[in-house]
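Predicted model, so just to flag it, every value in this text is computed and none were measured. Letters go in sequence order (proteins before strands), and every chain restarts at 1.
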There are 2 protein chains.
Amino acid sequence: MTNKDTDTNSAPERKRGSGVKMVYDLLRDEILDLVLPPGCPIDEVQLAERFKMSRTPIREALVRLAGEGLIATLPNRSTMVSNIDFLNLHTFFDALVLMYRVTTRLAAEHHRPEDLEVIRARQAEFAAAVQAQDALAMIATNAAFHSAIAEAGRNPYFIGLFKRLLDEGRRILRLYYQSYDDRLPQRFVDEHEDMIAVIAARDAEAADRLARTHAEQIVQQIQKLFARNDRLEIAL
Amino acid sequence: MTNKDTDTNSAPERKRGSGVKMVYDLLRDEILDLVLPPGCPIDEVQLAERFKMSRTPIREALVRLAGEGLIATLPNRSTMVSNIDFLNLHTFFDALVLMYRVTTRLAAEHHRPEDLEVIRARQAEFAAAVQAQDALAMIATNAAFHSAIAEAGRNPYFIGLFKRLLDEGRRILRLYYQSYDDRLPQRFVDEHEDMIAVIAARDAEAADRLARTHAEQIVQQIQKLFARNDRLEIAL
DNA sequence: TGTATTTTATTTGTCGACAGAAATTATCCT
DNA sequence: AGGATAATTTCTGTCGACAAATAAAATACA
């Protein structure tokens, strides 16, 4: 059980400001991937000894996560991973569809040549995930694709909200997608290609229209999954 | 120089979790009111002795403010009040107009009777501010009015972005509004009344249309102020 | 045996202190 | 004297420890 730092005393072995970011990034991923499921209690001391650092940087990471709504903290007691509000999912869908439309429209209006390369690269990754029938990779690469489009739109306010929505969507989809059994993903690939084309053509109206139908397509897909699973869960 | 707590030792005199919130709220107000102007350096030690508490709760408040983009922090060095990006103001206007529209439309669709009472109360406060020709009160009460409409729309994602935009708008307007010299405010009062009417009538399309013209009205007003002042500032 | 009260235990919020990084000033060499 | 290097200062990031607040357990009481 000999540790690698057997010299005089404890070796931090890590740069000064990096601790918080590391904890923040890792916890964020674990929350979005449902490694830490909704409602899962978060213990500061436990995290402190897991990452081998003091509670102070842990707390800072938690405060930032709370600011994004990913964890909820009761005063003086227990902080836990935020629950997903299934009763008000329609507000999520409303916001998601609108941000799909707005960001795609703005990308058509404001994109630069180098943006298109990034977008096409993301689309290739998404297509690869579909080809491989890797559902989790589809979720991630689809989010990255639309995130790249949003960046090309260059509106930080929309980018911020949209990324947050895509994160929440990642969490929701993880709950339901285990495997793909239908041919819809290939349709998404084609629609993505169409979106790239109208963005490149700087056709804002067409971009809006395509993004709208694409988004509503996805929302319908999610709702169908929910309806299917709800029938099962009611039995519990 | 005798302080009020002259007894044995230091008297905290404040509840356990309240320190962070107090510092956060106060700093937030001071930033939005430009008491702390953009670029103003923030010193943790200075704040700690000002509020008579340790640096720990101060830092937590600062982390939360940084999460909202109100302060910017360079690693290991100086944290300061965020600057206003005047070069990209159009992104702010785009987002503001869209959120005006969406929140008003959703309010028309989803409001409940008690929401209308709150909205009317805010409108009364705005009208009073216009009557008193109090420009700063107009800014605050106008934001509160539209915030109440957003709440009635009941979409937390839109509410969050909209409130953030209204905050930023409060900061921008403080820079320019010293006094009112024209009759536009009265027009805003009338438009507010029209908006309340269509919300109460649950006419979503009309709400969208009114909100749009109202928002564009305000944006034009701000841009006019900017054009006027820019001519002066160029001389510097 | 069931309920109210006290005691214990666990976890958070706050504190003072120290060490690392960058900016500032002082010193030295050519 | 001018510029490079070294010392100082100043502020942030991290740490360990303590105290308050709440939950859980134990005890007393009817």
Open item on the list: Can you confirm whether the side chains of A:Asn142 and A:His192 place a donor and an acceptor under 3.5 Å from each other?
Closed with: yes
Open item on the list: What contact category does A:Glu60 fall into here, base, sugar-phosphate, or nothing, at under 4.0 angstrom with non-hydrogen atoms?
Closed with: nothing
Task: Which nucleotide in D:dT14, C:dA23, C:dT12 has an atom nearest any side-chain atom of B:Arg77 - done: C:dA23
Task: A:Arg55: which of A:Glu44, A:Glu60, A:Glu49 passes salt bridge (Lys or Arg N to Asp or Glu O under 4.0 Å) - done: A:Glu44
Task: Donor-acceptor pair under 3.5 Å, B:Arg55 side chain vs D:dG13 base - done: yes
Task: Closest-nucleotide ordering on DNA chain D, the 5'-leading residue of B:Glu44 and A:Thr56 - done: B:Glu44
Open item on the list: Quick check: closest heavy atoms across B:His146 and B:Tyr100, and the distance to 0.1 Å?
Closed with: CE1-CE2, 3.1 Å
- [ ] Would you kindly compare B:Pro75 and B:Gly19 by the position of their nearest DNA chain C nucleotide and give the one closer to the 5′ end?
- [x] B:Gly19
TODO: Rounded off to whole Å, could you give me the CG-to-P distance for the A:Leu74 and C:dT10 pair?
DONE: 20 Å
Open item on the list: In this structure, how many angstroms lie between the C1' atom of D:dC11 and the CG atom of B:Leu47, rounded?
Closed with: 13 Å
Task: Criterion salt bridge (Lys or Arg N to Asp or Glu O under 4.0 Å) against A:Glu30, the qualifying member of A:Arg171, A:Arg174, A:Arg50 - done: A:Arg50
- [ ] Can you check whether any acceptor in the base of D:dT12 is under 3.5 Å from a donor in the side chain of A:Arg16, or vice versa?
- [x] yes
Task: Separation of C:dG13 P from B:Lys15 NZ (nearest whole Å) - done: 16 Å
TODO: Mind checking B:Ile42 for me? I need base, sugar-phosphate or nothing, with any heavy atom below 4.0 Å counting as a touch.
DONE: sugar-phosphate
Open item on the list: Rounding to an integer number of Å, can you tell me how far B:Ile58 CD1 sits from C:dG13 C1'?
Closed with: 14 Å
- [ ] Report the distance from atom CE of B:Met80 to atom P of D:dT12, rounded to the nearest whole Å.
- [x] 12 Å
Task: Rounded distance (Å) that lies between atom P of C:dT11 and atom CD of A:Glu49 - done: 10 Å
TODO: Could you tell me the separation between the CG atom of B:Asn76 and the P atom of D:dG13, rounded to a whole number of Å?
DONE: 6 Å
- [ ] Under the side chain to side chain contact (heavy atoms under 4.5 Å, CB included) rule, what do B:Val118 and B:Arg122 come out as? Steps first, then yes or no, please.
- [x] CA-CA 6 Å; B:Val118 177; B:Arg122 297 290 163 276; 4.3 Å; yes
TODO: Whole angstrom is fine here: how far is it from CG in A:Asp43 over to P in C:dA9?
DONE: 18 Å
